Every structure is written in structure tokens, then in C-alpha cells.
Amino acid sequence: MSTPQFPPVDEQMSLLKRGAVDLIEEDQLRSKLQRSLDQGKPLTVKVGFDPSSPDLHLGHTVLLRKMRHFQQLGHRVVFLVGDFTAMIGDPTGKKVTRPQLEREEVLANAQTYQEQVFKVLDREATVVDFNSRWLSPLGSEGLIRLAGRYTLARLMEREDFRTRFANGQPIHIHELLYPLVQGYDSVALAADVELGGHDQIFNLLVGRSLMREDGLEPQICLTVPLLVGLDGTEKMSKSLGNAIALDDPPREAYGKTLSIPDRLMWDWYLLLTDLPESEIEARRAAVAEGSLHPKKVKQELARRIVTDYHGAEAAREAEAEFERVFASGGAPDDLPEFTIDRDTPLFRLLVSAELAPSNKESRRLIEQGAVSVDGEPLRGSDAISSILPSREEPYLLKVGKRRFARILIA
RNA sequence: GGAGGUGUGGCCGAGUGGUCAAUGGCAGCAGACUGUAAAUCUGCCGGGUUCGCCCUACGGUGGUUCAAAUCCAUCCGCCUCCA
């Protein structure tokens, strides 16, 4: 095994600090890096993942990219699947009746997770581990001993617990155990650094304390911000519908990126690309003084994001199509095609072609002037039951801005 | 173990016998406008319809009533307090 070549400490620090929220403690990270450089030994970087929701979006990649930074510098990144913690994690208790199945489910999720994660991470350089490896053998005795090493008062420092307690909302015991168990993972791995989202800072710090108590050198805690989603206010999350999923088709990812508020794109540049910060600043300044159009900058961002997950070719196509559809009112290339019986009234036709979910909605859309045939808008209550004459070539139907289909009248 | 509260459309939340497909907000959809799928304004926002109406829906079930989201019984879920 060859000795890894690490870049100079200052260079490492500047990459690692990019976009970080918390870095506890900066000096300690510096000396760890120095030592690793001197001894030619990589740092162990721990990142925990709860495999309960396998659909990754750009928000998750902020953390993944930071992991990637460590990998680029030659460090050892442990992708820790919280398979044990996920199994005790459900507070409603509805799922506890079938622990066997649930374990399978967790493992299946972890698998899906990994497939997506390696779009960002270097597969070769990633160590995948499972925390059940040490948490299962711990047993109830070990768990109680672990619980004896922390106090309620310290756990209640966590804002989440504090406010829930103050508001009379329930806090289940296992939730209190969570930070401890997560902290124990750090002890088990003897982590040099733990990364997480900013919301994880409390748990990361518990790991730091437990390590110190165990006589280990405490881990560095480095957090990254939660990415703000498409709406420009809430954090990106699938349930809020403001997310770009990693497996969103290129044109979706492209269009969604262009729809973010302008002010948000600087953060996205910082957190979702590796464009040097000086260049980001240069663009920002150029936009501010009016010499660069914000759309241009945002298009570049969208292109970069799509390129990362779908390749340069897909990004070019997505951009061309976006221009065609939205800037010039054209239609995309590959459209779903339907063959419809002749004499079908328009409102039924829309439903058959999956352009409207129900007859009622279909009527509404037509009345509101949302429907056009071959580029000609159809409007009004007369149009609802109108019938398209049959002909050789298919009709191009458009509903709203984004729904298209080709219709062939049988 | 005891006392009380609560369960309404995708979400939050009004409504306490008919005028309720159910006020309002959010989300969503559409139109106008725009560099944008942003912002703003306007409209729509359970389903079917021969446009008369009809069907489904207010935790589940059963009942009272000409009529129930609203009353009664029972069951289920969630929450709080006391022990």
C-alpha cells in the first residue's frame, strides 16, 4: 500500500471550510491534518445515515459533497448506515410487531441509498459500515452503562427536547437514547471527524464528549447548512415538494433550478458546485452592477447540476428543450402519444391522454383556456365537447405550460 | 387505575340538527405578466352528469330524526393532568 500524498494543511483547510456552518474546533482540525500529513495516515471521517428514506435529493448532496472533499484530500470516509438506530427509531411503535421484516426493509433501503450516494462519492474510497455491528452486541447491559454516562440536564440542552418539554409534548425515552447511541458510534469508530447537517450539531457534540470520557481524542464536528429548496424559504425536502431529486429527469432538474429565486443561487453555487469562491463572487458582483444577466448565471448553475448527475450531453439537451418550450412556446421532443377513438369529446380526450385527472378537472381546464391544439388556444364552454376531425398526422395538445401529448384520432 | 380533552377535505383549521361539498389559510392547478416553472394580480380547486340533478365525504360501526360533520351508544386512534 503506497503512502497517500496529502496536500498542504492550508490548502486542505480552505476546501474543508467551504460552506461549513460549525467547525469545532478549527485549531484541532488543523493539528489533526498536520499529524496525518506528517505520518502519512488518513483521518477517519464518520458520517451517519438513517436509511429510512431512500430518495435522495440535492439537499443531501451538500453533505455528500463535503464527504467527497475529504476523499479528494485522501482521507478515509466511513459511510455509516444507522441500521440499528433505524430499527429502534419509530416512536409510534406501530411497526415493532415485526422486527424481522423491518430489518430487511432497512437493509433494502440502505442498498438503494448506496446506489444513489455513489453518484457523488468515490465508491472505491468509501468504507460502508453498519452500526448494528457494535450496537447489537452492546446488549441492554451495555446500553444502561452507556446511559449512565450522560445526564438528563445535558440532554435537555437540545433545543428540540427543551421546547417539546416546555410545551407539554411527549418525549419518548428512546429519543433521549438516540444522541447517546449515535455518540457511541464515534467511540466505536474512533472517528477523527464527524460530519453532519447543521441540525445534527447536538448529536455530534455528544459524540465528542463520550469520546473524551473514553480517553479518546475527541472528534472534530463539522456541519454543513441545510439547503434551501425551490421555494426560497423552507429547507429542501421531498414532503414539502420543493426538492430536486437525484433521479429527476434532466429537464425537470434543469427547469426546477431555473425557477429558484435569484438570491438563492449564490448559496447553491457554494454548496452544490466546486466553482471557486472567488469566481462565485465575481459573478455576483457582475450581476449586481448589471453587466451580467442573472438568467445566464442561473443557466450555468442548472447546467452544472444536471451535468453532475446526468452528464454534459443531457444538460445541453435539457437546456435546449427548456428554451424551446418556455422561451419560444414550442414543444418538447419526445412526447407521449395516444390513439383516441373518433368522435371523442375534447374533455374526455384530455382524460384519456392523461392530460387531466378527471372529467371535471378537464372541463375546468378547457373553460380556463389552458388547452391548445396545434398551438391554437381553445377556450370557452363551447370547446368542452368539441370534436377533433380525424386526419393522418397526430394533433399536438398542450395543457397549461408543461403538459403535452400527441393525439392520433383513430 | 382515575379525570379530562381531541379526531373535519393533501396539510392547518372553522363549523354543534336543515340554508354544508362544508368559512378561512397553506399547498396545488390555470390565465395574465416575466429572463424563469420566481414575484405579483385574477380565476379554479371531491367525483359523475343528458347541466335537472345524482353519488361519495367530516376516525369506525350501529342508532335517533322527515333531515346528522353536528344528537345518542359503542369501538378505535391521539393528547394532557392526577396516581
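Chain identifiers are assigned alphabetically (A, B, ...) following the order of the sequence lines, protein sequences preceding nucleic acid strands; residue numbering begins at 1 within each chain. Predicted model only: the values in this text are computed from it and were never measured.
For Phe347(A), counting side-chain heavy atoms from C-beta on, the closest listed nucleotide (A37(B), U49(B), G35(B)) is U49(B). Nearest nucleotide to the side chain of Pro261(A), out of U49(B), A38(B), C29(B): A38(B). Closest approach to the Lys298(A) side chain among G35(B), G47(B), U49(B) is made by G35(B) (side chain taken as heavy atoms from C-beta onward). Here the side chain of Lys256(A) is nearest to one of A38(B), G47(B), A37(B), namely A37(B). Listed candidates were U50(B), A38(B), G31(B). Nearest to the side chain of Ala370(A) is G31(B).
Here Arg403(A) does not reach the OP1 or OP2 of A37(B): none of its side-chain N or O atoms lies under 4.0 Å away. At the phosphate of U36(B), neither OP1 nor OP2 sits under 4.0 Å from any side-chain N or O atom of Arg402(A). For Asn359(A), no side-chain nitrogen or oxygen approaches OP1 or OP2 of G47(B) to under 4.0 Å.
Taking atom CG on Leu350(A) and atom P on G48(B), their separation rounds to 13 Å, with Å as the unit. A37(B) atom C1' lies 12 Å from atom OH of Tyr254(A), rounded to whole Å. Spacing between atom CG of Leu355(A) and atom P of A30(B) amounts to 11 Å, rounded to whole angstrom units. Following rounding to the nearest Å, Asp231(A) (CG) and U40(B) (C1') show an atom-to-atom distance of 17 Å. As rounded to whole Å, 14 Å separates atom P of G35(B) from atom CG of Leu258(A). At whole-Å resolution of the value, CD1 in Ile305(A) and C1' in U36(B) are 14 Å apart. If you measure from atom NZ of Lys360(A) to atom P of G47(B), you get 7 Å, rounded to the nearest angstrom. Regarding Glu323(A), its CD atom lies at a distance of 9 Å from the P atom of U36(B), rounded to whole Å.
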*Give the C-alpha distance, both sets of side-chain angles, the deciding distance and a yes or no for salt bridge (charged side-chain N to carboxylate O under 4.0 Å, His left out) between Arg364(A) and Glu361(A).*
CA-CA 5 Å; Arg364(A) 256 180 239 126; Glu361(A) 176 75 9; 2.6 Å; yes

*Would you sort out whether Phe49(A) and His60(A) count as a ring pair (Phe, Tyr, Trp, His ring centres under 6.0 Å), showing the intermediate values?*
CA-CA 10 Å; Phe49(A) 288 87; His60(A) 297 107; 8.1 Å; no

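Between Leu275(A) and Ile280(A), the closest heavy-atom pair is O-CD1, 3.6 Å.
Taking a pair to require two hydrogen-bonding distances under 3.5 Å in either a Watson-Crick or a G-U wobble arrangement, C29(B) pairs with G43(B). When Watson-Crick and G-U wobble pairs are counted only if both distances are under 3.5 Å, C66(B) pairs with G18(B). In this structure, G4(B) forms a base pair with C79(B), meeting either the Watson-Crick or the G-U wobble geometry with both donor-acceptor distances under 3.5 Å. Within the shown strands, U61(B) is the pairing partner of A73(B) under the Watson-Crick or G-U definition, both distances less than 3.5 Å. Taking a pair to require two hydrogen-bonding distances under 3.5 Å in either a Watson-Crick or a G-U wobble arrangement, U56(B) remains unpaired. Shown here, U36(B) forms no base pair; nothing in the strands shown gives a Watson-Crick or G-U wobble contact with both key distances under 3.5 Å.
With C1' as the reference atom, U19(B) and U64(B) are 23 Å apart, rounded to whole Å. Distance check on atom P: C82(B) versus U8(B) gives 27 Å, rounded to whole Å. Remark: the separation of the C1' atoms in G9(B) and U74(B) is 26 Å, to the nearest Å. Nucleotides U61(B) and G13(B) place their C1' atoms 27 Å apart, quoted to the nearest Å. Taking atom C1' on both G47(B) and U56(B), the two are 7 Å apart, rounded to the nearest angstrom. Straight-line distance between the P atoms of G28(B) and C72(B): roughly 40 Å, to the nearest whole Å. The gap from the P atom of G59(B) to that of A14(B) amounts to 14 Å, rounded to the nearest Å. Atom P of C71(B) sits at a distance of 22 Å from the matching atom of G77(B), rounded to the whole Å.
For G17(B), the glycosidic angle deviates from 0 by more than 90°, giving an anti base.
If His293(A) and Ser358(A) are placed on RNA chain B by their nearest nucleotide, the residue sitting closer to the 5' end is His293(A). Between Val371(A) and Arg363(A), it is Val371(A) whose nearest contact on RNA chain B lies nearer the 5' terminus.
At a threshold of 4.0 Å, the pair Glu319(A)-Arg316(A) does not count as salt-bridged, since none of the basic side-chain nitrogens sits closer than that to a carboxylate oxygen. Using a cut-off of 4.0 Å between Lys/Arg side-chain N and Asp/Glu carboxylate O, Lys46(A) and Asp192(A) are scored as not salt-bridged. No salt bridge links Arg304(A) with Asp308(A); every basic N to acidic carboxylate O contact stays at or beyond 4.0 Å.
Backbone-only engagement by Glu361(A) is indicated by non-hydrogen atom pairs under 4.0 Å involving sugar-phosphate atoms exclusively. At a threshold of 4.0 angstrom between heavy atoms, the contacts of Gly369(A) are confined to the sugar-phosphate backbone, with no base atom among them.
Under a cutoff of 6.0 Å and an axis angle of 45°, Arg324(A) and Phe322(A) do not form a cation-pi pair.
Side-chain atoms of Gln368(A) and base atoms of G31(B) include no donor and acceptor less than 3.5 Å apart.
Separating the CD atom in Gln200(A) from the CG atom in Asp22(A) is a distance of 11.5 Å, to the nearest 0.5 Å.
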